[in-house]
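Data first, discussion second: the structure below is written as C-alpha cells.
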Amino acid sequence: MSTIVDRLLWTLFGDRVGLAIFLGALVFFAMTWRTNFLLNDNFTITNTMVGLSEGHLYIDRAFYKSTEVPTGGAGTLASPGTTVHDGRLYGENYGQLFLALPLLFGLKALAAVADLRIAVAGIWCLLFLGFCVQVGTIFDRRRFGILAGCGAALALFVVNVAVAPDLDVYWIAFMSLHSGSMVAAGFVGVLLHRLVGGMYSRRAGAFAGSIAVLATPVGFWAAIPMRHATTAVMAMASMYWFYRSRSTDSAAWATRFRALAYAPVGLTAWIFSPEGLILLVALVVVDPLTARSNAPRRLLPVGAVLALSLVPFFLTNLIVSGNPLRPPLLLDGFTGQQTVELAESADVNFGDGSSGGDAGGPGPDDGGSAGGGDGSGSGERTEAFVAAATSVPSLVALFLSKIAEALGIFVTQPERVYHTFVRTGFVDRATLGNGEPINLALLEAMPVAGVLVALPFVAVDRFRTVIAAGTPTASVRSLPRRIRAAGRDLSPERSTDLFAVAYVTFLVLSYMPTLPLHAQYTVRYLVPGMPIVLYGAFRMAAVRRPLVSATDAFVWTYAGGLLIGGQVAVAYLAFVTATMGEMVQFHALLSLALAAPLAVWVVVSTTERFEPDPRGGAVLFGLVAAATTLFLLLAGTQYFTSPRDLVIPVVRTVAREVSLV
Amino acid sequence: MNPERGAVYGVALVMVLASVASGPLVSGADLTHEPEALALDPGNGSVTVTSVEVPDDGFRLERGKFGSDAYYLESPPVRVNVKDVEGQPLVNYKLRIVEANVTNLRIYFLGEEEEEAGGLDLKIPRSSFEPSDGDKDSYEAEVIVVVRDNKGDGPRIVHRENVTVEVVG
C-alpha cells in the first residue's frame, strides 16, 4: 500500500522538494482565494460549470449573475465568451471545467458532511503541516518539522475557526474551478523544479520551482477561475516531457516521453483552442528536427497520443456545434438578443442550506475592475474566421497572417511592444471605460524576466563557437540535411531551449495583434509563456550561481524584503492615500527599479570580465522576488477583491484590518 | 505508532471533528458566524437638513502618483448640517462635470452618529479621469446634495451649487 502511494507521489512530484513546492504553493495560492468575480468572463465559465455539474454542456440559467448587468432574463447571461447555437447557450474552457469536475463533487461531498468553511480552513492547515513535514525532512530535521508543523497548524486552525464566517454552498461550483486552477499552478512549480533540477542540481531546481510559484504572475491567476494557470501547466508539461525524451538513455523511453509531450496539445485545445494550436506548432517545428529518429515506428506513438489527446476536444465540439473542428469559441457570440432556451428555476442543489441562485453574492468586486472582457470578442468571430478555422490549410494561412501582423507591429508600432513588455502606464486601449491604470506590463508583473537581457551576451559567445566549428562552404542543396544533422546532435538542453524559444515566440506573435489590451492585469494572455521565460533565465549560469552558492543571502533578503519591506510599503501606500490604480503603478515602478540592477548584475556576471560576489546577485534576486510576492499578495487580498470575500478566515480577517483600497 | 505520526494524526483528527461538528450532520453546533451585515434599512427614516456649506475652492484634477498618467479628482469636504435623524435616511452627494461627461456619486447612510454630531462631511473618493481630461485649465461642475427618506415623495434635492474644478499638474 505504502509503496504504491510512494510511487505515485514520486511519479507526480519527482522528489521531496517537488512535493514541498507543491504543498507550499497551494498554501500560498489559497491565501488569495476569494469568492468574487474579477472579470465578466468569470460568469461565463462558472455558469457553464454549473451546467456541467448537472450533466450538460449548455448554460440554462444565470446561477451566478453579474450585478452590473441590469437586464433580467437571458440578457444577464451575455457575458464575454458566451456563445449561442441552435437556441442553446454555451460557455468556454470546457477542458478546464472537466478537469475541475472531480473537485466539484469532492467539495459537494465535503459540504454534505462538514461545515464548508471550517473544512476548507482545515485542509489549508493540513497542507501547511504537510509542507512543514517535507521541509523538515529535506533539511534532516524531520522530528522538528513534524512537531513544529503540528503546533503551527493547530494554532492556525484554532484562529481560523475563531474568526470563520459562514460560507454559502452557493459558491461550490465557483470554488471547484479555483481549486483546479491552484493545483495546475502548483504543478507549474513542480515541473519547473524537475526540469531545472534534472539539468543542473536539486537546489537550482528548487529555486526555479519556488520562484515560479512566489514571483511570477502564475500566482496571480491561480485563485481566479480563468484558463491561464491551467494552460500554463500544459505548456510546461509538454516542455518537461520533451526534455525527458531527449535526456533519457533508453530509446523506448525516449519515444514514450516524446509521445507524452504531445498529450497536452489536445487538452490545451480543449481548454482554449488557439493556445493548443500554438503548442502544437512549437512542437511540430522543433520536435522532428531535434529527435533522435523520425522512423515511422517512432512517429506512430507520437501521432497516436496526439490523436487521442484531441478526442475530448473533438467530442465536445461535436456535441455542441455538430462539427468536431468547430469549438464553442467559434460559434456566434451571445448578445442577449437571440432567443434561447433557459431553465425555469434558477436553483441548484449543492447540499443542505443551498440558497440557490437568488442568494446573489457580491457581484464584480468593488474595485470596479470587472468591466473588461476577453479579447476573443464577437468582432473577431466573423464568418471568415470561422470558415478559416475549420479547414487545415486556411488555419495555417490564418496563423501565418497573425504572425505577419505581429511582426509588423514590432517594426511599425514599437510603442505597443514597449507598453506590453516594459511599462504600461495609462494606455487608452488598456483601460477602456473604467479609467484606472490597473494593468502591468510583463516586466512590471514579472521583474525577474529582466535578466533575459543577458541572453544576447550568452548567444554571441555560443555563436562564435558555432562559426568556428562550421564549414560555411558546403552547398545549399545539402542545407536541410545538415540542419537536421545539427538538430539531432543538439544536446537535450539545447533542444529544450529551441522548444522554449519556439513556444514563447509563437505565443507572443499570436497575441501581439491584440496587445496591449484592457483587463490584462499581468498581460494574462502571455502567462503560459512566463514559466518558460523563467526556465530561460535559469539556463544562465549567472542566474543559478548566486542562488545556489549564496542561498542564505537570498533567503534572508527575501524574507526581510517581504516581511519588513512589505509592511513599509503597505504603511506608505496607506499614508499617501493612493487609489487602486495608483497602488498598482507603485508596484510597477518598484518592479522596474529592482529589475534593472538585477539585470545589470546578471549581464556583468555573464560577460565574465570579472566575477562579482554571488551574494550581491542573491540579494538583488531576493528583493525582486519579495517585491513580486508582495504584489501577488496585495493584488489578491486588497486591490482586486473585497477582503470580505476571502476564503481562508485568518487571511480574511488580516486583510480586512489592512484594508488599503 | 511513533509519537510524530501520532501528533500528525491527532492534528488531522481535530480538524475533521471540528468540521463535522460544525457541519450539517450535527444540529445545534455551528462554529461559524454570520457575515457582518452591510446595511440595515437604507432609505427608511427621516432627516431635516438645516444647511449645506460648499467650500469655494479645493476642487482639483491632479495628475496621478507613480506615473499613472491618469488624472484624479480631489475634492474638499462638503458640510451638511442635520437634525432630527430617525431611522436610516440616505444622503447622496453628486459632483457633476458636464464637459467631461462625468458624475461622481457617493451615498451616505445617516444614523445616531450624525444626529449627535449635528451633521457630516461629504467627500467624493479620489476618482480617476483620462489623461486627455487634463488638457483644459478648468471645468465647471455642479454639487448636488439629495436626501432620500420617507418625507415627501421620493428623493429631494436639498442643495445645488456651481463650483470650478481646477486642473493642476
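Protein chains get the first letters and strands the later ones, always in sequence-line order, with residue 1 at the start of each.
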How far does CE of B/Met15 sit from CD1 of A/Ile118, to the nearest 0.5 angstrom?
-> 11.0 Å
Looking at CG of A/Asp115 and CG of B/Leu25, how far apart are the two atoms once the value is rounded to the nearest 0.5 Å?
-> 11.0 Å
Minimum side-chain heavy-atom gap A/Leu167-B/Thr32 below 4.5 Å = no
Please determine, among B/Ala21, B/Gly23, B/Ser19, the option with the most heavy-atom pairs under 4.5 Å with chain A.
-> B/Ser19
Partner residues of A/Phe586 under the ring-ring contact (aromatic ring centres under 6.0 Å, His included) criterion, sequence neighbours left out | A/Tyr572, B/Phe66
Is chain B contacted by the side chain of A/Arg117, its backbone, both, or neither, given a heavy-atom distance below 4.5 Å?
-> side chain
Name the region of A/Val120, side chain, backbone, both or neither, that has any atom closer than 4.5 Å to a heavy atom of chain B.
-> neither
Which of A/Val576, A/Asp166, A/Ile146 touches chain B most, by non-hydrogen pairs under 4.5 Å = A/Asp166
Within a radius of less than 6.0 Å around [atom1] of [X], do more than 12 heavy atoms belonging to other residues, nucleotides or ligands occur?
{"X": "B/Arg79", "atom1": "CZ", "answer": "yes"}
{"X": "B/Asp137", "atom1": "CG", "answer": "no"}
{"X": "B/Lys136", "atom1": "NZ", "answer": "yes"}
{"X": "B/Glu74", "atom1": "CD", "answer": "yes"}

B/Pro24 and A/Ala112 have their tightest heavy-atom pair at CG-O, 3.2 Å
What residues, two or more places apart in sequence or in another chain, satisfy side chain to side chain contact (heavy atoms under 4.5 Å, CB included) together with B/Val163?
-> B/Val54, B/Phe59, B/Leu95, B/Ala141, B/Val143
